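See below for the structure under consideration.
Please read all numbers here as calculations on a predicted model, not as lab measurements.
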Amino acid sequence: MHTYTADAGLKRTLKQRHLSMIAIGGVIGAGLFVGSSALLHSSGPAAFLSYAITGLMVIMVMRMLGEMALSNPAAGSFAGYARNAFGGWAGFTTGWLYWFFWVVVVGFEAVVGGKLLQRWIDLPSWLMAAVLLLAMVGTNLRSVRGFGEFEYWFAGIKVAAIAALIALGAAFAAGAWPAKSPDFTNLTAHGGFAPNGYVPVLAGVVVAVFSMVGPEIATVAAAESSEPERAVVKATNSVIVRVLVFYVGAVLVLATVVPWTQFTVGQSPFVEALSVMGIPGGADVMNAVVLVAVLSCLNSGIYTASRMLFGLAAAGDAPRSAAHLTSRGIPRNALMIATAIGFACIALDYFSPDTVFAFLLNASGATILMVYLMIALSQIKLRASMPAVEAKQLRLKMWFFPHLSLLAVAGIVAVFISMFFVDSTRSQVTLSAGALVVTLLAYQLRRRFAPRLMSAEAAPPAPAAAPGRDALR
């Protein structure tokens, strides 16, 4: 079976602390800080169950991904595992869909960051969005260590902010607060624990899933760490803490501190909680935290999109120029392509926010679920074809295989079906399905007009920075 080394020539300078923080808080963004208001508004206190159900699915996907990464580290990213399991078409479509998702995220996060800055700076949001994007590109161009350091500190700020709010909220509810007695009535008052029934809770999984994606970035970044296997294990295990504390725990505390009827869709429930607890300057504090979260997601998005395109090029599924590395081990061409599309998204938001830019956001909406589905199916296929002796020797195994793997697949498919029956997400399913069809057609064209580059046969290019790849270990 052919495998490729998509990490050939990359500098292995990311430390364990970088990858640990990336896995725990790297892509916690506006989806939690602001988007959770929609679930709390529709489901009441039971909203935390939506995050619990979604988190269980994400944990299982990460466990399957970790198993494949340790059993076949030479396969590169999860596009490589899909290629090994189902053939070239699977690796091609998985890689390009994941790349498409993140380049749109790059543009979106830059646009959001520009709008957040308008609270303090009276300049056009598109101009500030462009400046933020350039700043994060500079961070990524300098070195992978620079990316890791930035992500470590900014993700750390997010994690510290959420942890502080959970601690303050728990103290407030428990009565460890000036002139405050223990009070947990908000969980059952105002119509009950699930005031609108449990259907909104299940429908909320559709919303929650998009605020929880991203821990798989740590397995991509592990290729640039000095101990990739250890990094994968820690990333896989830390996602459990990430889900239970920073999503389930935070939303449960919010529902305890604030009556669910006070939450407004589109406004940060964290700001409302700080206001109820009487903490001054809550709006400015949370605006700053959300801005940090956006910059962190922007930084991660640029990194992930560039590495995925680099891996596709190494497999012969993208132009070979995208696999070129600088002397610092940075896939500059791949990074510049992601940057160009990020600027295009900023322009589209300026000229056509309600049509073209909205179209791109919707078209990328469900592609991450398609990638997760392919990860799960690849793990089932590769594990089933593995000799029993090898399966017993796996350092990291999916629990209760194949039952939980199949349950994860069923859960992802159920989310797809649910999205189709929810008015606000139906267009995401249809447009993302269109993106899948376009990608499959592109693969067929590639087979026909560039047969020499077929990934099953092509050797990886010789990256410019391959000599001295371990110089900075």
I need the [X] [atom1] to [Y] [atom2] distance, nearest 0.5 Å.
X      : Y      : atom1 : atom2 : value
Tyr51  : Ile53  : OH    : CD1   : 12.5 Å
Gln428 : Thr367 : CD    : OG1   : 9.5 Å
Leu70  : Leu396 : CG    : CG    : 5.5 Å
Lys381 : Asn84  : NZ    : CG    : 10.5 Å
Ser385 : Glu390 : OG    : CD    : 9.0 Å
Ile412 : Ile417 : CD1   : CD1   : 12.5 Å

Would you mind reporting whether [Y] and [X] have side-chain heavy atoms less than 4.5 Å apart?
X      : Y      : result
Phe33  : Ile28  : yes
Leu49  : Tyr198 : yes
Ile346 : Phe343 : yes
Leu394 : Glu67  : yes
Tyr443 : Arg447 : yes
Leu360 : Cys345 : yes
Gln444 : Phe92  : no
Ile302 : Leu335 : yes

(request) May I have the step-by-step check of side-chain contact (heavy atoms from CB on, under 4.5 Å) for Leu377 and Phe86, ending in yes or no? (result) CA-CA 9 Å; Leu377 293 174; Phe86 299 105; 3.9 Å; yes
(request) Quick one: list whatever passes side-chain hydrogen bond (donor to acceptor under 3.5 Å, both in side chains) with Asn140, sequence neighbours left out. (result)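 Partners of Asn140 under the side-chain hydrogen bond (donor to acceptor under 3.5 Å, both in side chains) test: Asn299.
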(message) For Arg395, give me all partners under salt bridge (charged side-chain N to carboxylate O under 4.0 Å, His left out), at least two apart in sequence or on another chain.
(response)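 By the salt bridge (charged side-chain N to carboxylate O under 4.0 Å, His left out) rule, Arg395 matches Glu229.
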With distance as the sole test, does [X] use its side chain to make a donor-acceptor pair with the main-chain N or O of [Y] at under 3.5 Å?
X      : Y      : result
Ser225 : Lys15  : no
Ser306 : Tyr303 : yes
Thr54  : Ser50  : yes
Glu151 : Ile22  : no
Arg307 : Pro331 : no
Ser238 : Ala235 : yes
His324 : Ser321 : no

Return a table of donor-acceptor pairs under 3.5 angstrom between the side chains of residues 34-47 and protein atoms on other chains or two or more places apart.
from	atom 1	to	atom 2	distance (Å)
Ser36	OG	Leu32	O	2.5
Ser37	OG	Val34	O	2.7
Ser37	OG	Gly266	N	3.1
His41	ND1	Phe263	O	3.2
Ser42	OG	Ala38	O	3.1
Ser42	OG	Leu39	O	3.3
Ser43	OG	Pro200	O	3.4

(request) Scan for ring-ring contact (aromatic ring centres under 6.0 Å, His included) pairs involving residues 416-436, sequence neighbours excluded, and state none if there are none. (result)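 Qualifying pairs: none.
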(request) Mind jotting down which residue pairs meet the side-chain hydrogen bond (donor to acceptor under 3.5 Å, both in side chains) criterion with at least one end in residues 331-345? Sequence neighbours excluded, please. (result) none
(request) Please work out whether the ring planes of His18 and Tyr152 are parallel, tilted or perpendicular, with thresholds of 30° and 60°. (result)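 The arrangement is perpendicular - the two ring planes meet at more than 60°.
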(message) Between Glu149 and Trp153, is the side-chain contact (heavy atoms from CB on, under 4.5 Å) condition met? List the steps.
(response) CA-CA 6 Å; Glu149 282 297 324; Trp153 290 107; 3.3 Å; yes
Side-chain donor-acceptor pairs of residues 93-110 under 3.5 Å, sequence neighbours excluded:
from	atom 1	to	atom 2	distance (Å)
Thr93	OG1	Trp89	O	2.8
Thr93	OG1	Ala90	O	3.2
Thr94	OG1	Ala90	O	2.7
Trp96	NE1	Asp317	O	3.0
Tyr98	OH	Trp102	NE1	3.0
Tyr98	OH	Glu216	OE2	2.6

Can you name the closest pair of heavy atoms from [X] and [Y] and give their distance?
X      : Y      : value
Ala366 : Val429 : CB-CA, 4.4 Å
Ala334 : Ala322 : CB-O, 3.6 Å
Gly148 : Leu14  : CA-CD2, 3.7 Å
Arg242 : Pro215 : NH1-CD, 3.7 Å
Leu132 : Gly113 : CD1-C, 3.5 Å
Ala155 : Met21  : CB-CG, 3.4 Å

Identify, with sequence neighbours excluded, every residue that meets side-chain contact (heavy atoms from CB on, under 4.5 Å) alongside [X].
X      : answer
Ala391 : Arg383, Met386
Ile380 : Phe401, Ser405, Leu406, Val409
Ile240 : Ile59, Leu244, Trp399

(request) Determine whether the side chains of Thr13 and Glu224 contain a donor N or O and an acceptor N or O closer than 3.5 Å. (result)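 No donor-acceptor contact under 3.5 Å links the two side chains.
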(request) Please step through side-chain contact (heavy atoms from CB on, under 4.5 Å) for the pair Leu19 and Lys234, ending with a clear verdict. (result) CA-CA 8 Å; Leu19 294 204; Lys234 293 192 72 173; over 6 Å; no
(message) Among residues at least two apart in sequence or on other chains, which ones pass ring-ring contact (aromatic ring centres under 6.0 Å, His included) with Tyr372?
(response)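 With sequence neighbours excluded, Tyr372 shows a ring-ring contact (aromatic ring centres under 6.0 Å, His included) to no residue whatsoever.
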(request) Just do the side-chain contact (heavy atoms from CB on, under 4.5 Å) check on Leu407 and Leu404 with the steps written out, would you? (result) CA-CA 5 Å; Leu407 180 62; Leu404 282 186; 3.9 Å; yes
(message) If you count every heavy atom of other residues, nucleotides or ligands that lies below 6.0 Å from Phe359 atom CZ, does the total exceed 12?
(response) no
(message) Tell me which pairs pass salt bridge (Lys or Arg N to Asp or Glu O under 4.0 Å) where either residue lies in residues 41-64, with sequence neighbours left out.
(response) none
Show the atom names and distances, to 0.1 Å, of all donor-acceptor pairs under 3.5 Å that link a side chain in residues 245-252 to residues at least two apart or in another chain.
from	atom 1	to	atom 2	distance (Å)
Tyr247	OH	Ser211	O	2.6

